[in-house]
Number of protein chains: 2
Amino acid sequence: MWRIGTGGCIVKKEMSFEALELIASRFKVLAEPMRLKLLHELSSGERSVTELIEATGASQANVSKHLGILLEAGLVKRRKDKLNAYYSIADESVFKLCEVVCGSLAEHLETKRKLVG
Amino acid sequence: MWRIGTGGCIVKKEMSFEALELIASRFKVLAEPMRLKLLHELSSGERSVTELIEATGASQANVSKHLGILLEAGLVKRRKDKLNAYYSIADESVFKLCEVVCGSLAEHLETKRKLVG
DNA sequence: TTATTATATAGTAATAAAGTCAAATATCAA
DNA sequence: TTGATATTTGACTTTATTACTATATAATAA
């Protein structure tokens with residue numbers, strides 16, 4: 001995508017629905033707070049599943065499932081050592097995305113605050 | 001968020017779950033291909049609902065509903081003129097987000113292609 | 001081998017979201 | 001006022017997603 005904008009990105013006249021579905025599915029992966037928490041935790045370095053369970057307070061099965069989703073999406077990578085599985089960030093772009101969202105949200109909330117009071 | 005990375009963003013040690021939910025909800029808005037299609041359509045300028053119905057091929061009620069979600073999220077703005085409602089982009093950050101996702105996806109798919117064949 | 005630990009997966013119930021149809025609202029014209 | 005057009009909203013159905021529980025797998029130790 002999408003247009004000439006900040007960062008000099010490319011204009012595309014047509015955008016296939018398949019492409020849009022692909023992009024949407026990436027956003028969907030990031031659309032869960034628990035997965036964001038996992039990514040946030042991993043932002044400071046590799047963690048074992050056990051460590052992530054402790055850090056998030058979520059159940060073991062839940063953490064494992066979310067990690068599977070992040071892995072499938074290519075956002076994290078997995079390393080097995082003895083009994084443990086260690087996860088780490090595989091795609092730094094997630095931080096860029098969150099940064100952009102944070103900026104936009106701050107502005108949006110500020111606007112709303114001004115309007116609503 | 002989130003860490004020192006490309007673009008010089010801020011490290012935050014702690015990230016409240018509320019903040020993560022807020023970020024996730026923004027991603028959720030973008031996690032539907034039809035909404036992305038609407039945004040893509042609007043990227044070249046203001047459109048009436050009727051025009052968006054034609055452009056997307058979705059039903060009128062469906063388009064209206066998605067537009068409502070985008071509006072609520074502050075991504076688009078609405079202008080009423082006579083019988084028509086005109087929508088336009090209110091938050092250019094969505095294009096930045098899609099640009100980042102596109103870049104990341106291209107890389108991810110390329111990697112997968114190399115591995116799987 | 002059996003037991004133990006770490007992780008993943010299957011089945012399931014509750015929740016949420018998308019899409020459809022019909023009805024409601026709003027604006028304008030006759 | 002009545003009728004037509006543009007858009008929104010509500011009720012409903014279908015489909016997805018989450019999180020839970022229990023079970024399965026995998027690696028190691030005894």
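Numbered from 1 within each chain, the chains take letters A, B, ... in sequence-line order. Predicted model, so just to flag it, every value in this text is computed and none were measured. What's counted below: heavy atoms across the whole structure, side chains too, no hydrogens, waters or symmetry copies.
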J.: Check this one for me: any side-chain N or O of N84(B) less than 4.0 Å away from OP1 or OP2 of dT5(D)?
T.: no
J.: Nearest-Å distance, CG (L70(A)) to C1' (dA8(C))?
T.: 15 Å
J.: Taking atom C1' of dT21(D) as reference, at what distance in whole Å does atom CG of N62(A) sit?
T.: 12 Å
J.: Are L71(A) and V49(A) connected in a single hydrophobic cluster, I mean Ile/Leu/Val/Met/Phe/Trp/Tyr linked by side-chain heavy atoms less than 4.5 Å apart?
T.: yes
J.: Quick one: do the D91(B) and S104(A) side chains pair a donor with an acceptor below 3.5 Å?
T.: yes
J.: Return the value, rounded to whole Å, for the distance between atom CG of L83(A) and atom C1' of dA29(D).
T.: 10 Å
J.: S64(A) near the nucleic acid: base, sugar-phosphate alone, or nothing, with a heavy-atom cut-off under 4.0 Å?
T.: base
J.: Has the side chain of Q60(A) got a donor or acceptor atom sitting under 3.5 Å from an opposite partner on the base of dA6(C)?
T.: no
J.: May I ask you to say what E32(B) touches in the nucleic acid, namely base, sugar-phosphate or nothing, with a heavy-atom cut-off under 4.0 Å?
T.: sugar-phosphate
J.: On the nucleotide dT7(C), are OP1 or OP2 found under 4.0 Å from the side-chain N or O atoms that R78(A) carries?
T.: no
J.: What's the separation between atom CZ in R47(B) and atom OG in S88(B), rounded to the nearest 0.5 Å?
T.: 10.5 Å
J.: Is the distance from OP1 or OP2 of dA6(D) to the nearest side-chain N or O of Y87(B) less than 4.0 Å?
T.: no
J.: By nearest atom, which of the nucleotides dA18(C), dA17(C), dT7(D) is closest to the K28(B) side chain?
T.: dA17(C)
J.: Atom NZ of K82(A) and atom P of dT7(C): how far apart are they, to the nearest Å?
T.: 14 Å
J.: Judged by each residue's nearest nucleotide on DNA chain D, which is more toward the 5′ side, K80(B) or A31(A)?
T.: K80(B)
J.: Between H66(B) and dG19(C), does any side-chain N or O lie under 4.0 Å from OP1 or OP2?
T.: yes
J.: I need the CZ-P distance between R47(A) and dT7(C), as an integer number of Å.
T.: 14 Å
J.: In whole Å, what is the span from the CD atom of E72(B) to the P atom of dA18(C)?
T.: 14 Å
J.: Can you check the D81(A) CG to dA6(C) P distance for me, whole Å?
T.: 13 Å
J.: Remember a base hit wins even if backbone is also touched, and classify A61(B) as base, sugar-phosphate or nothing at under 4.0 Å, heavy atoms.
T.: base
J.: Does S59(B) make a side-chain N or O approach to OP1 or OP2 of dT20(C) shorter than 4.0 Å?
T.: yes
J.: Heavy atoms, side chains only, cut-off 4.5 Å: are M34(A) and V63(A) in contact?
T.: no
J.: So, under a plain 3.5 Å distance rule, would you say the side chain of K65(B) forms a donor-acceptor pair with the base of dT20(C)?
T.: yes
J.: Taking OH from Y86(B) and C1' from dA26(C), how many angstroms apart are they, rounded to a whole number?
T.: 15 Å
J.: Can you confirm whether F27(B) sits close enough to L97(A) that some side-chain heavy atom of one is under 4.5 Å from a side-chain heavy atom of the other?
T.: yes
